[in-house]
Amino acid sequence: MTDNDRLRGSAGEPAGYVGAVALSSDVTLRVESDDVRYLEPEGEIRATYRHASSHVRVGEGADAGAPSVVRVSTTEKVFEFRTKSKPRKLGLMQVGWGGNNGSTVTAAVLANRSGTTWATRTGTQTPNFFGTLTQASTMRVGSDDKGRDVFAPMSAFVPLVEPTQIVLSGWDISGLNLKDAMLRAQVLEPDLIRQLAPEAEKMVPLRAAYDESFIAQNQKVRADNIMESPAYTKRQMLEQLRADIREFKQANALEFVVVVWTANSERYSEVRPELNGCADTLLASIEKNDAEVSPSTLYAVASILEGCPYINGSPQNTFVPGCLELAEQHGVLICGDDFKSGQTKMKSVLCDYLIGCGIKIKTMVTYNHLGNNDMYQLTDGVMWKPKSASKSRVIEDVVQSNGQLYSQPGEMPDHVVVVKYVEFLGDSKRDVSEYTSEGFMNGHYTSIIHNSCLDSILCAPLILDLAILAELFDRVRVRPCARDAPESSEFVKMHPILSVLSFYMKIPLVRPEEPIINSLNRQKSCLENMIRALVGLPPENHLLLDTKIARDSTAMGS
């Protein structure tokens, strides 16, 4: 027994300890404010949101030879949000449905829907949706009359689709049914797969759009369920994908469908004005069967033309300029690129912490290895380039935010990313990260982190969250309030590039005039504050000002 063991359980709570309150998952919040109305007949939540911001002007008014003057002005704009309060019956179509991620998502939905438990050598396990923000995390609501922080699930703020009610389908280059795909993936316990088999073996992926020039050569052996040239032109593939979406929606009486790319990475496609520089040239290139139109872009175009949000979970450049313009023309939500799940998420947190504390990261060396099919296809050198780029760019804005530490133009930490395929490990990913920094008076500070996890167990929750949140934000309409715009201003959809979901992506897709934010804390804060805005709550700032002011007038110096 150590001294710490002796003290555990006997110290009690410190004097003045306030604590926190966590509300259960079945609560519903009703905001009582002049800024929010719950309109029952219309099935809407109407909320007014005051958006305060600071505008910075650098260098104005500086005398010759004097330090620059930075002028800051504050502004406030008022927006009105209108959110449909009833989630729609949701269908999720995954590209790469029979892969490790797709089969794991399927198992989670089926097991949670049926309440299936399964035996392991450590005991009986019960299903859950841990790892999702929508189902397993909470947001701070405010403080109660005892000063305690009160937390509630995200679904308590705004109604969200229940994941067990999601209807599943998708495409895959492999024709294995989902039971056999689960066995192949070697992610889930055999007893769970055995119990899910009767339903999972009825689930068979649709034929996938296929172009072998865009994938690793080692994937050809899996490709037995494909639409391939010359039997199919790019236009015919596009029309079949659209028909697949329509038939899935009709057969299951779905009100809304989200399409998620969770297949392996493609190589980069070329970007040229005459090929895909605008929506018209992209559609013309599909019509001409141009070899540089990638399968992933065909899926994205099919989804957009069918009015379905499209999520790009891999690092290839699916969203060429013409695809972005097409999404804007049709008002369809899109989100990308490349799921951020394991080491990259840890990296963004640690860099934010170190640089935020005034510690200068000098070197970052991250090494990870695993043996699933996603890693196997990266052994093809052409396929590594997009993945390397996505893993390497996740710290740029954090570094650029601190000119005290990184004062030279273009100065960055020496960042090395190594990824290796080790067949024996399967989906079990191991990563080691070493960060060496300069601290006070140039003293060195080195941190080494080792992680071991199942890759698909980290990634599957992101897919569910993205589908659920895409459905939510498609229900949202917004307009500037009268004082900022004419009374005739109409409610409009959110911008098609859904950067509010950057929390889930290694390379967040943003509008040209929007900065890329990689800081995980800022990304999560953005998402949570957007949820708060939909119900008229102010953004969370953690100031708790009323607790920082002395209550005794003598203490105030009066």
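Only this structure's heavy atoms are used, side chains among them; waters, hydrogens and symmetry mates stay out. The chain is numbered in sequence order, starting from 1.
For residues 451-463, every residue pair satisfying the salt bridge (charged side-chain N to carboxylate O under 4.0 Å, His left out) rule, not counting sequence neighbours, is listed here: Lys429-Asp455. Residue pairs meeting the side chain to side chain donor-acceptor pair (under 3.5 Å) criterion with at least one member in residues 279-291, sequence neighbours excluded, are Arg235-Glu287. Sequence neighbours left out, not one pair with a member in residues 161-180 passes salt bridge (charged side-chain N to carboxylate O under 4.0 Å, His left out). Annotation: ring pair (Phe, Tyr, Trp, His ring centres under 6.0 Å) contacts involving residues 168-212, sequence neighbours excluded, comprise Trp171-Tyr299. Residue pairs satisfying the salt bridge (charged side-chain N to carboxylate O under 4.0 Å, His left out) criterion with at least one member in residues 208-219, sequence neighbours excluded, are listed as follows: Asp211-Lys234, Glu212-Lys220. Among residue pairs with one or both ends in residues 89-116, those qualifying as salt bridge (charged side-chain N to carboxylate O under 4.0 Å, His left out) are Arg113-Glu199; sequence neighbours excluded.
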Stepwise side-chain hydrogen bond (donor to acceptor under 3.5 Å, both in side chains) check, Thr297 with Ser294: CA-CA 5 Å; Thr297 295; Ser294 68; 3.1 Å; yes

Chi angles and distances behind the side-chain hydrogen bond (donor to acceptor under 3.5 Å, both in side chains) call for Ser269, Asn317: CA-CA 7 Å; Ser269 59; Asn317 58 341; 3.3 Å; yes

Verdict with supporting geometry, Trp97 and Leu178, side chain to side chain contact (heavy atoms under 4.5 Å, CB included): CA-CA 8 Å; Trp97 189 22; Leu178 266 293; 3.7 Å; yes

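Residues Arg430 and Ser452 have side chains that bring a donor and an acceptor to within less than 3.5 angstrom of each other. With 3.5 Å as the limit, one finds a donor-acceptor pair spanning the side chains of Glu266 and Ser296. Side-chain contact, Asp465 with Thr134: a donor N or O sits under 3.5 Å from an acceptor N or O. For the residue pair Asn101 and Ser456, a side-chain donor N or O sits within less than 3.5 Å of a side-chain acceptor on the partner.
For Val478, the side-chain contact (heavy atoms from CB on, under 4.5 Å) test picks out Phe79, Phe81, Val492, with sequence neighbours left out. Ser174 is linked by a side chain to side chain donor-acceptor pair (under 3.5 Å) to Arg184, counting only residues two or more places apart in sequence or in another chain. With sequence neighbours left out, the side-chain contact (heavy atoms from CB on, under 4.5 Å) criterion links Thr363 to Asp414, Thr436. Checked against side-chain contact (heavy atoms from CB on, under 4.5 Å), Ser433 has the following partners two or more places apart in sequence or in another chain: Gln343, Thr366, Asp431, Tyr435. Considering only residues two or more places apart in sequence or on other chains, Glu528 meets the side-chain contact (heavy atoms from CB on, under 4.5 Å) condition with Met139, Lys524.
Between Gln135 and Ile468 the shortest side-chain heavy-atom distance falls below 4.5 Å. Here the side chains of Pro508 and Gln523 are in contact, with some heavy-atom distance below 4.5 Å. Between Glu270 and Leu275, some side-chain heavy-atom pair lies under the 4.5 Å cut-off.
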Mind listing the side-chain donor-acceptor pairs of residues 319-335 below 3.5 Å, one per line with the distance, residues two or more places apart or on another chain?
| residue | atom | partner | partner atom | Å |
| --- | --- | --- | --- | --- |
| Glu325 | OE2 | Ala279 | N | 2.9 |
| Glu325 | OE2 | Gln329 | NE2 | 3.4 |

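With salt bridges taken as basic N to acidic carboxylate O contacts below 4.0 Å, one links Arg88 and Asp474.
When all heavy atoms of Ala300 and Thr318 are compared, the closest pair comes out as CB-CG2, 3.9 Å.
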